[in-house]
Amino acid sequence: NWLIQQFRRVLGTGGHSDGMTVDKALSYPPVWHAVSKISGHIAYLPLNLHRETTRAGKTKNEKPMNHAGYRLMRVRANAYQTPFVFKRQLMVHALMLGNGYAYIKRDGLMSELWPLMPDRLETRLALGEKIHFYKPDRDEKLSLEDDIQQDIERSNKDGKGGVIPLRDSEVFHIAGLSYDGFSGKSLLSLAARSWNLGVGAEVVERTRQKRGYSGGVMLEAPEGVLTKQKDAEEFIEAWDKRHGGEENAGKAGLLTRGVKANVLQMSNLDSQFLENRKFQRQDVALAFMLEHILGDDSSVSYNSLEQKNLAYLQNCLSPWLKTWEEECEVKLLTPAEQQGGYYFKYNDGALLRTDKQTTATIISTLRSSEVINANEARSWLDMNPFEGGDSYDNPNTASSKPAGAAAP
């Protein structure tokens, strides 16, 4: 009952501190850029199931494709979502609200992963066990399950508002930075004040534009000239017609009747306003563990795109990749499979792809060093293997080729 009361208290807040909501935060371009970039890469990189076996002293790594966990992460997460859409949704939840949840639908074997809305779920420890208290929506697939329907009806009958408990083994949970160890902290709440500064700056600028303010040039007429409003309007109209628009850029102008043109410089206040907006974008980048100011590549000192992506992978993506890998192993593999050498691993090579010349040099070096064989090298290039390509011998030495061997 105490947990239910705590859960109702969280639901009753109706939002987050300082009036910051998910929609309001995502309307701020730096936040949208950071969330789209990170969630898109987590969803884009292949998450593969591996099995490592050792026979006769030799270790072999396989990719079993008939496993339910492989199908969920590479083929179909549920009836209405591909793995890319599913992983991206959970990452958006984890980045903004600190937690991404999905219900594990088991029908003999695992069949589907159904996303749960984090703003209607509260995670607590009860008697040493991790329990997720959730309030399903009537249109969710979870609510259509017979046993879940009975739990919801029982909860409503007991005055608990349709809140149902879910065991941790039933919930796929991607948690962000955590203080208590079982639930991630909401970045939307923690960064509300900082993001409100950026959103507020845009509101101020938009208000100034609606109210109207001086442009870049002011025309000054001597006393007694253009005193009539009609004459002044005709003069301004002729000026705008001559100099307004992109097609008139650079045209020479002629001022008569003693009229002077005064070019207005940017004020210190406007200059400081633009500088503050740059710092606000930097604050957003820091919150998401990104290397540089969002949308501004002028400060990037990396010599190549590969080095830039490597720094992004190490400092930002790696903790999220490890979180996904370990959660998949705990929730989508049985203890026997974990002991039998099954594990999940992200292929981050898709992010670190280089140009073809550099790729060819890397493959040639690894092949000559007998680190990879010919078929493994061809798989990097999405080419089919050939018979006899599993040898690790150096192809550049004459002794490595058996006598009479034909070139493939």
Side-chain angles (χ1 to χ4, degrees), residues 15-45 84-85 87-100 118-119 174-178 184-210 266-302 304-321 323-324 348 351:
H16 298 272
S17 60
D18 296 310
M20 179 60 66
T21 63
V22 174
D23 288 345
K24 184 178 179 181
L26 291 177
S27 69
Y28 186 37
V31 176
W32 175 273
H33 177 89
V35 173
S36 298
K37 179 177 182 177
I38 298 173
S39 64
H41 280 138
I42 294 295
Y44 160 73
L45 294 176
F84 182 93
V85 176
K87 289 189 288 185
R88 190 166 200 178
Q89 180 184 5
L90 255 66
M91 273 308 302
V92 171
H93 292 171
L95 288 168
M96 297 297 292
L97 301 177
N99 299 279
D119 55 351
I174 300 298
L177 186 65
S178 176
K185 287 291 184 181
S186 171
L187 185 59
L188 186 67
S189 297
L190 298 176
R193 294 182 181 179
S194 174
W195 293 355
N196 267 323
L197 289 176
V199 176
E202 291 188 342
V203 173
V204 170
E205 182 65 16
R206 187 168 63 249
T207 303
R208 290 179 58 187
Q209 292 180 3
K210 288 182 177 180
M266 180 181 292
S267 66
N268 293 334
L269 181 61
D270 291 335
S271 179
Q272 186 179 11
F273 175 81
L274 294 177
E275 190 68 19
N276 285 338
R277 294 199 66 185
K278 181 178 180 180
F279 287 142
Q280 288 153 8
R281 294 200 308 271
Q282 192 172 28
D283 284 342
V284 174
L286 290 174
F288 288 101
M289 298 297 294
L290 295 175
E291 283 295 304
H292 57 280
I293 298 176
L294 303 174
D296 180 15
D297 291 336
S298 61
S299 61
V300 178
S301 59
Y302 305 111
S304 66
L305 179 63
E306 181 186 5
Q307 294 299 318
K308 176 182 174 182
N309 286 338
L310 181 60
Y312 165 58
L313 175 65
Q314 292 177 342
N315 299 328
C316 177
L317 289 187
S318 290
W320 290 112
L321 299 180
T323 301
W324 274 89
D348 55 18
L351 184 64

Asks: Identify the two heavy atoms, one from K87 and one from L45, that lie closest to each other, and give their separation to 0.1 Å.
Replies: NZ-O, 3.5 Å
Asks: Would you call S36 and R88 a side-chain contact if the rule is heavy atoms closer than 4.5 Å?
Replies: yes
Asks: For the backbone of G98 and the side chain of S186, can you confirm whether one donor and one acceptor N or O come within less than 3.5 Å of each other?
Replies: no
Asks: Any heavy-atom pair between the side chains of K37 and Y312 that's under 4.5 Å?
Replies: yes
Asks: Can you measure from CG (L95) to CG (L90) and round to the nearest 0.5 angstrom?
Replies: 10.5 Å
Asks: Apply the test side-chain contact (heavy atoms from CB on, under 4.5 Å) to residues K185 and L190: give CA-CA distance (whole Å), side-chain angles for both, the deciding distance (0.1 Å), then the verdict.
Replies: CA-CA 8 Å; K185 287 291 184 181; L190 298 176; 3.8 Å; yes
Asks: What heavy-atom pair brings A175 and G184 nearest, and what distance separates the two atoms?
Replies: CB-N, 4.2 Å
Asks: Take W324 and M91 through the side-chain contact (heavy atoms from CB on, under 4.5 Å) test and state the conclusion after the steps.
Replies: CA-CA 10 Å; W324 274 89; M91 273 308 302; 3.3 Å; yes
Asks: Starting from the C-alpha separation in whole Å, work towards a yes-or-no answer on side-chain contact (heavy atoms from CB on, under 4.5 Å) for D348 and L317.
Replies: CA-CA 10 Å; D348 55 18; L317 289 187; over 6 Å; no
Asks: For W320, what residues pass the ring pair (Phe, Tyr, Trp, His ring centres under 6.0 Å) criterion, not counting sequence neighbours?
Replies: none
Asks: Would the distance check show the side chain of N99 and the main-chain N or O of P118 forming a donor-acceptor pair, the cut-off being under 3.5 Å?
Replies: no
Asks: Can you tell which of L97, D119, L26 makes a side-chain contact (heavy atoms from CB on, under 4.5 Å) with L188?
Replies: L97
Asks: So do L187 and F288 actually touch side chain to side chain, heavy atoms under 4.5 Å?
Replies: yes
Asks: Measuring from L321:CG to L313:CG, what's the distance to the nearest 0.5 Å?
Replies: 6.5 Å
Asks: Could you report the tightest heavy-atom contact between R281 and Y28, atom names first, then the distance?
Replies: N-OH, 4.3 Å
Asks: Do H93 and I174 make a side-chain contact, defined as non-hydrogen atoms from C-beta onward lying under 4.5 Å apart?
Replies: no
Asks: Would you sort out whether I38 and M289 count as a side-chain contact (heavy atoms from CB on, under 4.5 Å), showing the intermediate values?
Replies: CA-CA 10 Å; I38 298 173; M289 298 297 294; over 6 Å; no
